[in-house]
4 protein chains.
Amino acid sequence: MSADTFFSINTGSTEPIYRQLIEQVRRRVASGQLSAGQEIPSVRELAQALAVHPMTISKAYSMLEAEGLLERRRGLAMRVAARHERAQPAADRIELLRPTLEHAAAEVQQLGLPSSKALALFKEILASHESGEP
Amino acid sequence: MSADTFFSINTGSTEPIYRQLIEQVRRRVASGQLSAGQEIPSVRELAQALAVHPMTISKAYSMLEAEGLLERRRGLAMRVAARHERAQPAADRIELLRPTLEHAAAEVQQLGLPSSKALALFKEILASHESGEP
Amino acid sequence: MSADTFFSINTGSTEPIYRQLIEQVRRRVASGQLSAGQEIPSVRELAQALAVHPMTISKAYSMLEAEGLLERRRGLAMRVAARHERAQPAADRIELLRPTLEHAAAEVQQLGLPSSKALALFKEILASHESGEP
Amino acid sequence: MSADTFFSINTGSTEPIYRQLIEQVRRRVASGQLSAGQEIPSVRELAQALAVHPMTISKAYSMLEAEGLLERRRGLAMRVAARHERAQPAADRIELLRPTLEHAAAEVQQLGLPSSKALALFKEILASHESGEP
DNA sequence: GTGGTCTAGACCACT
DNA sequence: GTGGTCTAGACCACC
């Protein structure tokens, strides 16, 4: 797996880097983009690709292991745990998106924007993401 | 202004509380929901309403004052600064929403969800917010 | 709570320090020696008492928080989470001891010792612990 | 000697595998279950039986050789060194058990369990080990 | 090569 | 004062 394209972090955000990684792994496992047995990038490799201290990556991986999403294998790269055999159904995955959209909707209201404008912008952004370039 | 309904914070988030408040004030001013001369809740009042340390509120207000958005008046409640006479045009305000929706779109992609489902959920959430209850 | 007498670590062991701490907290919560709402020693205090780097303590506390056993409160000492209102019944607690005694029994067998001698030694050690001095 | 039943390892433990093996050999020699001249399983055989990398087994054997417990013979299986002619007396062997039981007693105390319950459980476990099935 | 643990120490957010 | 995050870097266990 290409480490530098698969994960992305935003160092400017107040969201800690290690937690950004955790969230991304969770979502990719939920969607099946990462499936049982698949290896994730090594700590050192990802650390270099993201220009981050290896321990930061290690912390994220450790917590994902404690959570049961990843499996540690002495001396080998970590991989997605066996019990995550298949992606969650879309109906469940969409619920993982809800808090984020709730938050966005609160901003819309505070900005006093009409729902139609917000929806149009979201549609435009989704289209540009789909076509390849974020 | 009713302190407890106007601002809302999420103590579970990694986003510092004072920054959550700053962002909310900025958006309310941009939208004209808070307009020049309008008084904002006192530090103590808001601190109690949100169950937060008064210093946290004070810090947010101080930074908004440094930014020129609020005015401090000895012995009186702070108020929105005069130079923020009118709301920003909607075309500008919608740009303030863009980063949030960009982030949401990245989540959609990582979750492997179709744009249509994401849009439908956003529409549903916006409608429920508009109708009163978030 | 007196930090230096409540927790003890063995730096010689292969068991990582942070995990020794986690196990001890778990057992003390299970037994009710630590009960809901009770504060645990601060990171810095315990680090100094045990002559260990603060981050090592912090790591243990973080994992206990992720596990739901401890609660974090911004700016305040961590405390035992509310949902651990009461000690587990003795019947459950004794099961937490089983793996350790299984391991000890395997050693007894490998050493070719009669059960009676092993039991006698265990009894003697338990008595000395009870009377105060480990 | 049947490699797979004689040694057992716990890959989940933080105790390094090679050290688990060393400890087991030491105890078997102390008890006379392994006596001078007796052959131990080959590196490859044991590695396969335990699903462990051969180098891990090799490391354990090398350290036992450096310690004088095992003898290496070119082209032949390693065997227990001649100077370990006879088992240590039971009085000495029981002391090898003490640290493990000290540790168990500390757990008993932290779990707030009465000594009688702990002793009863240990007795039960010892009996089941003796009767064949651990 | 893999991950894990720990130290030393800086800086941040919050009470 | 509280905990959190991150960097820099050493050393260990294992493949």
Side-chain angles (χ1 to χ4, degrees), chain A residues 9 11 13-21 39-47 50-66 70-79, chain B residues 9 11 13-21 47 51-60 63, chain C residues 9 11 13-21 39-47 50-66 70-79, chain D residues 9 11 13-21 47 51-60 63:
Chain A
I9 56 163
T11 52
S13 161
T14 56
E15 181 83 353
I17 294 169
Y18 84 95
R19 204 166 304 191
Q20 293 180 41
L21 290 173
E39 285 191 359
I40 57 172
S42 81
V43 168
R44 290 164 173 83
E45 181 190 357
L46 189 52
L50 300 179
V52 152
H53 194 276
M55 205 184 201
T56 304
I57 310 291
S58 181
K59 183 173 183 177
Y61 284 4
S62 282
M63 300 200 78
L64 286 164
E65 193 229 351
L70 297 184
E71 275 177 352
R72 195 196 326 249
R73 298 174 302 157
R74 294 175 109 120
L76 297 177
M78 296 181 79
R79 64 180 181 195
Chain B
I9 57 163
T11 54
S13 161
T14 56
E15 181 84 356
I17 295 167
Y18 81 94
R19 201 168 307 190
Q20 295 182 39
L21 291 174
V52 154
H53 199 278
M55 203 173 168
T56 304
I57 311 290
S58 179
K59 181 172 183 176
M63 297 189 77
Chain C
I9 56 164
T11 53
S13 162
T14 56
E15 181 83 353
I17 295 169
Y18 84 94
R19 204 166 303 192
Q20 294 180 40
L21 290 173
E39 285 191 359
I40 58 172
S42 82
V43 168
R44 290 163 171 86
E45 182 190 358
L46 189 52
L50 300 178
V52 154
H53 194 275
M55 206 184 201
T56 303
I57 311 291
S58 181
K59 182 173 183 178
Y61 284 5
S62 282
M63 301 200 78
L64 286 164
E65 193 229 353
L70 298 184
E71 274 176 352
R72 195 196 325 250
R73 298 175 301 159
R74 294 176 111 120
L76 297 177
M78 295 182 80
R79 64 180 181 197
Chain D
I9 57 162
T11 54
S13 162
T14 56
E15 181 84 356
I17 294 168
Y18 83 93
R19 202 169 307 190
Q20 294 181 40
L21 291 172
V52 155
H53 198 280
M55 202 173 167
T56 305
I57 311 290
S58 180
K59 180 171 182 177
M63 297 190 76

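Because only heavy atoms are used, hydrogens play no part in the values below, and waters and symmetry mates are left out as well, while side chains stay in. Being a predicted model, the structure only gives us computed values, none of them experimental. Labels below follow one simple rule: chain letters A, B, ... track the order of the sequence lines, proteins then strands, and each chain is numbered from 1.
Using a 4.5 Å cut-off on side-chain heavy atoms (C-beta onward), A/Leu21 and A/Leu50 make contact. Side-chain contact check for C/Leu64 versus C/Met78: every heavy-atom pair is 4.5 Å or farther apart. Side-chain contact between A/Lys59 and A/His53 is absent, with no heavy atoms from C-beta onward closer than 4.5 Å. Residues A/Tyr61 and A/Ser42 fail the side-chain proximity criterion, which asks for heavy atoms closer than 4.5 Å. Side-chain contact between D/Thr56 and A/Arg74 is absent, with no heavy atoms from C-beta onward closer than 4.5 Å.
Note: CD (C/Glu65) to P (F/dT2) measures 18 Å, nearest angstrom. Spacing between atom OH of C/Tyr61 and atom P of F/dT2 amounts to 11 Å, rounded to whole angstrom units. Going from atom CD1 of A/Ile40 over to atom C1' of E/dT2 covers 12 Å, rounded to whole Å. Following rounding to the nearest Å, A/Leu70 (CG) and E/dT2 (C1') show an atom-to-atom distance of 14 Å. Per the geometry, CE belonging to B/Met63 stands 12 Å off C1' belonging to E/dC12, to the nearest Å. Between the CG atom of A/Leu21 and the P atom of F/dC6 there is a distance of 9 Å, rounded to whole Å. For the pair A/Gln20 CD and F/dT5 P, the computed distance is 12 Å after rounding to whole Å. Regarding C/Glu71, its CD atom lies at a distance of 19 Å from the P atom of E/dC14, rounded to whole Å.
Of all heavy-atom pairs spanning B/Pro54 and B/Ala47, the tightest one is CA-CB, 3.6 Å. In this structure, D/Thr14 and C/Arg19 approach most closely via the heavy-atom pair CG2-NH1, 3.4 Å.
Rounding to the nearest 0.5 angstrom, the gap separating the CD1 atom in A/Ile57 from the CD1 atom in A/Ile40 is 9.5 Å.
Phosphate contact (OP1/OP2 of E/dG3, side-chain N/O of A/Ser58, threshold under 4.0 Å): absent.
With a 3.5 Å limit on both pairing distances and Watson-Crick or G-U wobble geometry required, the stems of 3 or more pairs in DNA chain E span E:1-14 with F:1-14.
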Can you give one letter per nucleotide of nucleotides 10-15 of chain F, going 5' to 3': B for a protein heavy atom under 4.0 Å from the base, S for sugar-phosphate only, - for none?
-> ---SBS
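Ion pairing between C/Glu71 and C/Arg79 holds under the 4.0 Å rule for side-chain N and carboxylate O.
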